Structure formats: C-alpha cells, structure tokens
Amino acid sequence: MIPVPISLNSSTKSPVQASRNLYGIFFEDINYSCDGGINANMVNNYSFDGIFFSNEELKAVDDPLRYWGIDNGSLESGTVNPLHPNSRYGRIRVNEKTVLTNLGFNGLKAHKEKCAMSIKQGHTYLFDCWLRTDEFTGTIEVQVTDESGQPLTSSSSSEASGNGWNKFSCELSGTASGYGKLELRLKGTGTLDLDCVSLMDADYWHKDDPKWRYGKLRKDLIEALADLKPTFMRFPGGCIVEGQLPGNEYNWKDTVGELYERKSNYNLWSEKVPDGGYNQSYQIGFYEYFCLCEDLGMKPLPTLSVGLNCQIRSMQRGETECPNIPIDSEDFQKVIVDNYLDLIAFANGDPEKNEWAALRSKMGHPEPFGLDRIGIGNENYGEVYFQRFDIIEKAIHEKYPDMICILCAGVHPFYEDMLGTPGLDSVYAFARKYQNVIVDEHSYHTPEWFAAQSTRFDNYDRCGAGVYFGEYAANGMLGMLENMSPDDLPNTAAADEELANTGGMRPMNQSNQLDTALGEAAFLTGVERNSDIVAMASYAPLFNLVESNQWNHNLINFNPQTLCLSTNYYVQKMFASYLGTQYLPYEGTLPENIYLSATENEDAVYLKLVNTGADVSTITVRLPCDAASASGEVLQNDDPHVRNDLDYNGEAVYTVQPSDVEFPVTNGYLSLEVKPYSVYALAIKKA
C-alpha cells in the first residue's frame with residue numbers, strides 16, 4: 001500500500017490560535033444526573049418538600065411524603081414552626097416500634113420499588129438529619145438493610161433529647177456490599193419531627209475542604225469529569241432552564257444558602273417518568289456549581305431563563321403562544337433581568353457592597369468565582385426571543401461590558417424554516433449587532449452527518465460572532481423531536497427524506513456505539529481546524545442512571561455503585577488531552593473516511609487521525625519540527641457497533657478502551673497505518 005503524503009506547516013506570519021476553552025462539559029439535571037447522581041446524598045425526597053408533575057393533568061403536584069414508607073405508625077406533612085419558612089417536615093406518630101424507610105433513587109421504571117442505596121463493605125457512611133423531639137420519649141436507631149431485611153451496615157442508636165430543632169448525626173460501617181434501604185427505627189411514644197435526612201459515603205468529593213459544607217458530590221462521578229480536562233461547564237441546562245410551564249423555570253436563587261433554605265421544584269424531565277416523580281431538591285445548586293468549576297479549573301457558563309417556557313413543548317401541546325412573562329411586566333424585570341445581574345454579583349461581587357456577594361461570602365467563599373460568560377436562554381428562537389435578548393444583553397453590558405453573552409440559535413438550527421426558527425444567517429446577522437456575543441448551535445444527528453460536517457465551519461465569517469457548539473451527539477437525526485406530529489416536522493423535502501431514512505433516535509442498546517464516537521471525532525477535527533471561530537464545544541447529555549431510560553445517548557452511564565465510560569467519553573478525553581495552542585494547517589489529500597487535525601505549542605505537535613471506514617490507510621506525515629517519536633492513544637475495534645455497557649446491578653463491561661501506541665519519527669517523517677474504525681491522538685515532542 002502506497003503511503004499518502006501529508007505535510008504539516010507551521011505558520012509564522014499569522015498563526016491560527018486554537019481556543020483555550022475549546023472542550024468543556026454541559027451538565028443538565030436529566031437522567032437523574034443530580035439527585036440520584038452527583039448528589040452524594042442517597043435519600044430520595046430528603047426534606048419532605050417533594051414537588052412532582054402530573055403528566056395527565058399537566059400541572060405541579062405537591063406530594064411531600066412521596067418515596068417514604070412507614071410501618072406501625074403514621075407519617076404526616078408538618079408545617080407548624082418548620083426548620084425554615086420554605087421547609088416542611090415529616091411528622092411521625094410513634095406506636096412503640098415504628099420504622100421509617102427510604103429506598104433511594106432507583107429510576108422509577110425497571111427497578112421501581114427496589115432498593116437503590118449502594119453500600120460497600122468496609123466503607124464508612126455518614127447519616128444526619130434535623131430532629132425535633134419535644135413530644136417524643138424513646139430511642140432512634142439508624143441502619144441500612146437489603147430487600148430481605150438483612151443488615152448491610154452497622155446500626156447506631158441514641159436517646160432522643162433536646163428542645164426545638166437539633167442536628168442528629170452518626171456514622172455507619174458497611175458490613176456487606178449490596179443495594180439497600182435506609183431504616184429509621186423509633187422505639188417509644190409520642191410525636192417526632194424529622195427534616196433534611198442525609199445518608200452518604202463518607203469519602204465524598206473534597207471532603208476535607210471547608211467550602212464543601214452544604215451539598216456534597218459523589219466522588220467517582222466527579223473524578224470522571226476531572227479526567228476529561230474540561231475548560232468550562234455549562235449549567236443547569238438545557239430545557240430545565242426554560243421550564244415545562246409557568247413556575248417551573250429554573251431560578252438560581254432557590255438553590256443557594258443553607259440546604260433547608262432551598263426551595264425545591266419539579267424537574268421538567270418528569271415527563272419521562274411514569275408517575276412524574278422527578279424532583280429537583282437543589283442540594284446541588286449554584287454555589288456548589290461554582291465551587292466545582294473552581295476545583296476542576298473550569299470557567300463557569302451559567303444559563304438562565306428569558307421568561308419563555310419551553311417553546312418546543314408548548315408547540316407540541318398545540319398552543320398558539322408559548323407561556324411567557326411579558327417583557328413589559330414588572331415580573332420580567334424582577335424575575336428575569338435582575339436574576340442575571342444578581343447572579344453575576346453573586347459570582348463576582350464585593351461582599352461589602354452587594355447582598356448576593358455577601359451571601360456567597362457567608363456560604364464560605366469570600367473570593368469571587370471569576371464569571372466571564374453567561375447564557376441567555378436555551379434553544380429559544382424567533383422574534384419573541386430576540387426582543388428578550390435585546391433587553392437582557394443591554395442590562396448586562398451596561399453594568400458588565402466585558403461579559404460574554406451566549407445567544408441561542410434555536411432548537412435545530414440547520415433547517416431554515418423549521419419550527420419558525422429564523423435560520424442561521426439571520427441569527428448571526430442579529431448577533432453581529434453586539435460585542436462579546438457567541439452563538440450557541442445544537443445538533444443531535446447521525447454519525448454520518450457529523451462526519452460530513454467536519455467542514456462545516458471552514459467558511460464561517462471570521463468578522464462576526466463566534467460559535468459555541470453547546471449540545472451535540474451522534475444519536476440519530478432529530479431525536480429530541482421524535483414525538484412531534486408530522487405537521488410540525490421540518491417542511492423541507494431534504495429534511496423530510498433524511499428523517500425518514502434515519503428513523504429518529506437510536507434505541508438504548510444501540511446508543512454510544514463506536515461508530516457514533518467516530519462520527520463525533522471526525523466532526524471535532526473540523527472544530528479544531530476552525531477553533532479561531534469555534535470558541536467552545538460540549539457534548540450532551542453528560543450523565544445517565546442506567547435503566548431509567550430518559551435519554552438514549554449519554555457520555556457517562558452509572559448505577560448506584562459504579563460508572564461506565566462510553567466510547568464517546570474516550571473521544572472527548574483524547575481530544576482535550578492532546579491539544580496545542582495554535583492550529584497547524586496541512587497540505588495533501590486525505591483518503592476517503594480519513595480525517596485529520598493538528599495543533600502545536602512550544603513543546604510538542606499534537607496530531608488527531610480518525611478513520612470512520614473499514615479499510616486500513618497508510619499515511620506519512622511530514623512534521624514541521626525535529627522529533628524522535630510520536631506517542632499517544634488509539635481507540636479502535638474492527639466492529640463499529642461495539643459499545644461499553646453497564647446494567648443497574650454489577651460492574652461495567654468494557655469492549656473498547658484506548659490503548660497506548662508509539663511510532664518512530666524518521667528524518668522528520670511519521671508513518672503509520674491508520675486502522676479501521678479508529679481514533680488516534682498523538683503527541684510529538686519537539687527535539
């Protein structure tokens with residue numbers, strides 16, 4: 001086989017600088033990513049404040065006792081003299097021997113009514129709660145048991161004592177491994193009040209850091225994020241920013257302060273749960289978000305509501321107008337515009353001059369978090385959105401002129417007439433009116449589409465707004481619109497044909513296969529080649545509780561005890577780990593199905609090669625520097641349909657993972673056989 005010659009060329013006159021924030025992460029509370037995921041607390045409806053959603057009646061449901069069970073006693077919702085005005089509590093009437101139970105987060109589908117608290121033998125677990133025992137005489141015992149009632153932990157017992165609300169804490173030791181339920185055994189007589197119940201592994205993320213005094217994070221999931229080397233984190237969404245209906249918009253002010261001060265809400269993704277039982281407790285809120293960004297060296301990219309509930313969902317419901325807060329109303333200024341300004345003050349302000357900055361300092365972080373960018377809405381579109389962007393952008397830039405604002409490009413911006421979206425040309429024309437504005441494009445599509453889009457940004461206007469590719473995954477075409485009526489689907493012939501050919505989102509057992517990661521990798525070579533205009537990119541969604549079946553294509557799957565890294569995760573990690581500060585152009589014609597990008601810094605050249613096809617290609621690369629060898633990683637399998645897998649019980653099964661590779665460099669040339677269905681990420685140290 002004759003090697004294909006490719007030459008990398010350093011440009012000393014006008015080098016193309018690669019974005020320093022190119023690869024980040026997008027965290028949305030979908031698939032139990034937050035409660036049941038990164039939230040270390042395993043107790044479901046921990047504060048007896050549960051607000052859920054009725055999919056039949058399309059309204060919020062107040063159900064403060066849901067997911068708690070009681071035996072030989074009664075449980076009521078208490079409201080008299082609560083721990084905090086926002087807070088209700090559980091009032092337990094004890095009948096000599098009463099047992100209160102909580103199963104944890106089991107996904108409410110295949111494993112509904114099953115125990116979901118993962119206990120590991122030899123681990124230590126922290127239990128705490130707030131108790132009011134003025135009207136109770138007796139003892140309280142805490143233990144975790146399995147489905148058959150066998151103990152998984154030691155037990156801890158204590159006499160009830162104290163007046164008013166008091167914190168009760170104890171430690172439990174894991175005596176066996178398995179999934180269990182929390183049991184609070186009450187022996188005595190009278191009435192006991194209970195609130196803010198927590199059970200977690202004592203080895204949580206940064207457990208010795210005093211700033212982590214409120215919500216705690218599950219360590220293994222955060223370590224997986226750290227390994228991605230993300231440069232930014234978008235939060236909290238995603239569609240939950242917009243909310244399902246009025247009152248469901250994500251309000252960051254409900255997520256800060258003491259845990260018992262935080263005001264919960266139902267999750268928009270309750271629509272994917274049969275009983276609508278997906279609550280946002282906000283134990284992990286904006287303070288924890290900023291702290292995590294600081295820990296991982298990420299820039300925060302918060303995204304807030306523009307006062308429009310989810311436009312795509314309102315259209316699916318057949319509404320002629322999306323529910324919204326009118327821009328000429330007092331609420332729009334107070335609930336929407338002021339939320340942006342107050343969040344920036346919370347993140348960056350002087351505690352001596354601003355109440356929100358003072359709250360940040362009181363919570364344990366006097367220093368500013370360094371927020372320099374903010375998202376204005378999520379997947380919003382049309383004139384109704386542009387009017388709101390105008391008002392919010394003006395308010396932000398009058399006070400913070402250097403703040404980067406992110407402008408939505410709609411739900412699926414690649415079809416001009418789709419859903420009333422004005423099309424990318426008019427979105428960018430609108431964006432160019434402003435300074436410090438970046439356009440947020442999203443796409444969920446086929447692997448083939450992503451590979452073809454590797455040239456997408458080659459001809460973007462370098463004098464206009466930058467690009468943030470904020471959500472993408474090769475999960476099939478228009479997966480997010482799979483439930484739309486035919487009349488609401490794209491009205492262009494090409495789009496209709498493509499949708500018919502692809503059939504929507506892939507089923508769960510075919511998601512995250514190697515071919516999807518290859519398509520995304522091919523696309524990312526084009527992102528790197530154009531990283532002077534593409535400022536940021538983030539895959540979506542990030543996390544998924546397996547067998548909860550809310551979204552089929554996810555970067556990291558997890559169960560209560562462990563996690564599984566997808567093929568797509570490894571592509572993200574490889575691309576972020578091998579990246580220089582400026583792009584290296586190349587000369588030569590690549591073989592079919594081969595994609596290449598190269599960057600460099602003072603120390604090394606970084607080369608990415610992707611083969612989406614079944615044939616081997618031999619390539620010779622002329623390097624712009626002297627070097628002895630190229631070393632790095634390859635992700636490869638002869639079957640493009642393999643995937644890494646994880647069941648609700650048990651350990652991850654890895655079919656494909658990166659392996660280390662090294663190739664010699666001879667007289668400035670690197671020659672290698674690019675294997676079928678492969679991604680190479682190589683570092684070539686300069687001599």
Side-chain angles (χ1 to χ4, degrees), residues 20-21 24 27 84-86 205-206 208-217 230-236 241 249-263 282-307 330-377 389-406 434-438 536:
R20 295 181 180 274
N21 304 297
F27 185 101
H84 184 271
N86 284 340
W205 173 260
H206 279 204
D208 296 322
D209 188 336
K211 76 183 179 188
W212 288 100
R213 64 189 70 176
Y214 303 102
K216 311 295 194 304
L217 301 179
T231 58
F232 68 89
M233 179 176 177
R234 176 177 165 218
F235 175 86
V241 167
E249 305 87 353
Y250 193 104
N251 187 341
W252 73 267
K253 292 176 180 176
D254 291 337
T255 78
V256 294
E258 295 280 355
L259 293 183
Y260 54 73
E261 295 176 320
R262 304 183 187 187
K263 186 179 179 182
Y282 297 138
Q283 293 170 77
I284 308 303
F286 260 80
Y287 174 78
E288 288 76 19
Y289 161 57
F290 283 129
C291 287
L292 180 59
C293 287
E294 183 176 75
D295 285 353
L296 299 190
M298 304 181 289
K299 285 184 177 293
L301 174 52
T303 302
L304 303 185
S305 168
V306 297
E330 184 179 357
D331 275 355
F332 186 77
Q333 180 64 45
K334 289 185 175 180
V335 178
I336 301 302
V337 178
D338 286 354
N339 264 10
Y340 284 86
L341 301 179
D342 292 342
L343 178 61
I344 296 169
F346 178 79
N348 295 349
D350 183 345
E352 301 295 325
K353 298 179 180 179
N354 182 276
E355 63 174 312
W356 294 105
L359 176 59
R360 180 197 74 230
S361 180
K362 179 182 176 182
M363 292 184 71
H365 204 284
E367 304 81 8
F369 283 113
L371 177 65
D372 68 357
R373 56 200 64 202
I374 195 164
I376 299 180
F389 185 92
D390 274 332
I391 296 170
I392 296 167
E393 181 275 340
K394 181 179 179 182
I396 291 173
H397 281 156
E398 280 183 351
K399 200 165 186 179
Y400 307 102
D402 295 329
M403 187 66 59
I404 298 171
C405 293
I406 310 298
Y434 303 101
Q435 298 293 320
N436 292 327
V437 168
I438 296 175
M536 300 179 291

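Throughout, residue positions are numbered sequentially from 1 according to the sequence presented. Everything quoted here is computed from the prediction, not taken from an experiment. Note: hydrogens, waters and symmetry copies are ignored here, and every other heavy atom, side chains too, is used.
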Above 12 or not: heavy atoms from other molecules or residues under 6.0 Å from NZ of K253?
yes
Check the surroundings of atom CZ in R213: do more than 12 heavy atoms from other residues, nucleotides or ligands lie under 6.0 Å from it?
yes
Are [X] and [Y] packed together at the side-chain level, in the sense that at least one heavy-atom pair is separated by less than 4.5 angstrom?
X    : Y    : value
L292 : M298 : yes
C405 : N436 : no
I391 : F332 : yes

Has the side chain of [X] got a donor or acceptor atom that lies under 3.5 Å from a matching backbone atom of [Y]?
X    : Y    : value
N86  : R262 : no
D372 : I404 : no
N339 : V335 : yes
R360 : E367 : yes
Y214 : I284 : no
R234 : G24  : no

Measuring from atom [atom1] of [X] to atom [atom2] of [Y], what distance do you get when rounded to the nearest 0.5 angstrom?
X    : Y    : atom1 : atom2 : result
L301 : Y289 : CG    : OH    : 5.5 Å
F389 : I376 : CZ    : CD1   : 4.0 Å
D338 : L343 : CG    : CG    : 12.0 Å
L359 : D342 : CG    : CG    : 11.0 Å

Taking all non-hydrogen atoms of both residues into account, name the closest pair between [X] and [Y] and its distance.
X    : Y    : answer
L341 : Y400 : O-OH, 4.1 Å
L371 : P302 : CD1-CD, 3.3 Å
S305 : Y340 : O-OH, 3.1 Å
F346 : V256 : CZ-CG1, 3.9 Å
M536 : R373 : SD-NH1, 3.3 Å
G375 : I406 : CA-CB, 3.7 Å

Begin with the C-alpha distance, continue with both residues' side-chain angles, and end with the deciding distance and a verdict on salt bridge (charged side-chain N to carboxylate O under 4.0 Å, His left out) for K211 and D295.
CA-CA 11 Å; K211 76 183 179 188; D295 285 353; 2.8 Å; yes
Please report whether the ring centroid of Y282 lies less than 6.0 Å from that of Y250.
yes
Test K216 against W205 for side chain to side chain contact (heavy atoms under 4.5 Å, CB included), laying out the working first.
CA-CA 7 Å; K216 311 295 194 304; W205 173 260; over 6 Å; no
Counterpart residues, salt bridge (Lys or Arg N to Asp or Glu O under 4.0 Å), relative to K334 (two or more places apart):
E330
Short N-O contact, E261 and K362, less than 4.0 angstrom
no
Pairs under 3.5 angstrom only: tabulate donor-acceptor contacts from the side chains of residues 392-399 to other protein residues two or more places apart or in another chain.
unit_1: E393; atom_1: OE2; unit_2: H397; atom_2: ND1; d: 2.5
unit_1: H397; atom_1: NE2; unit_2: M403; atom_2: O; d: 2.5

Parallel, tilted or perpendicular: which describes the rings of Y260 and H84, with under 30° parallel and over 60° perpendicular?
tilted
Might you work through the side chain to side chain contact (heavy atoms under 4.5 Å, CB included) test for L296 and M233, ending with a clear yes or no?
CA-CA 10 Å; L296 299 190; M233 179 176 177; over 6 Å; no
Under the criterion side chain to side chain contact (heavy atoms under 4.5 Å, CB included), I'd like the reasoning laid out for F369 against F286: C-alpha separation, chi angles, the key distance, then a yes or no.
CA-CA 11 Å; F369 283 113; F286 260 80; over 6 Å; no
In sequence, state the C-alpha distance, the side-chain angles, and the governing distance for T231 and K299, and then conclude on side chain to side chain contact (heavy atoms under 4.5 Å, CB included).
CA-CA 6 Å; T231 58; K299 285 184 177 293; over 6 Å; no
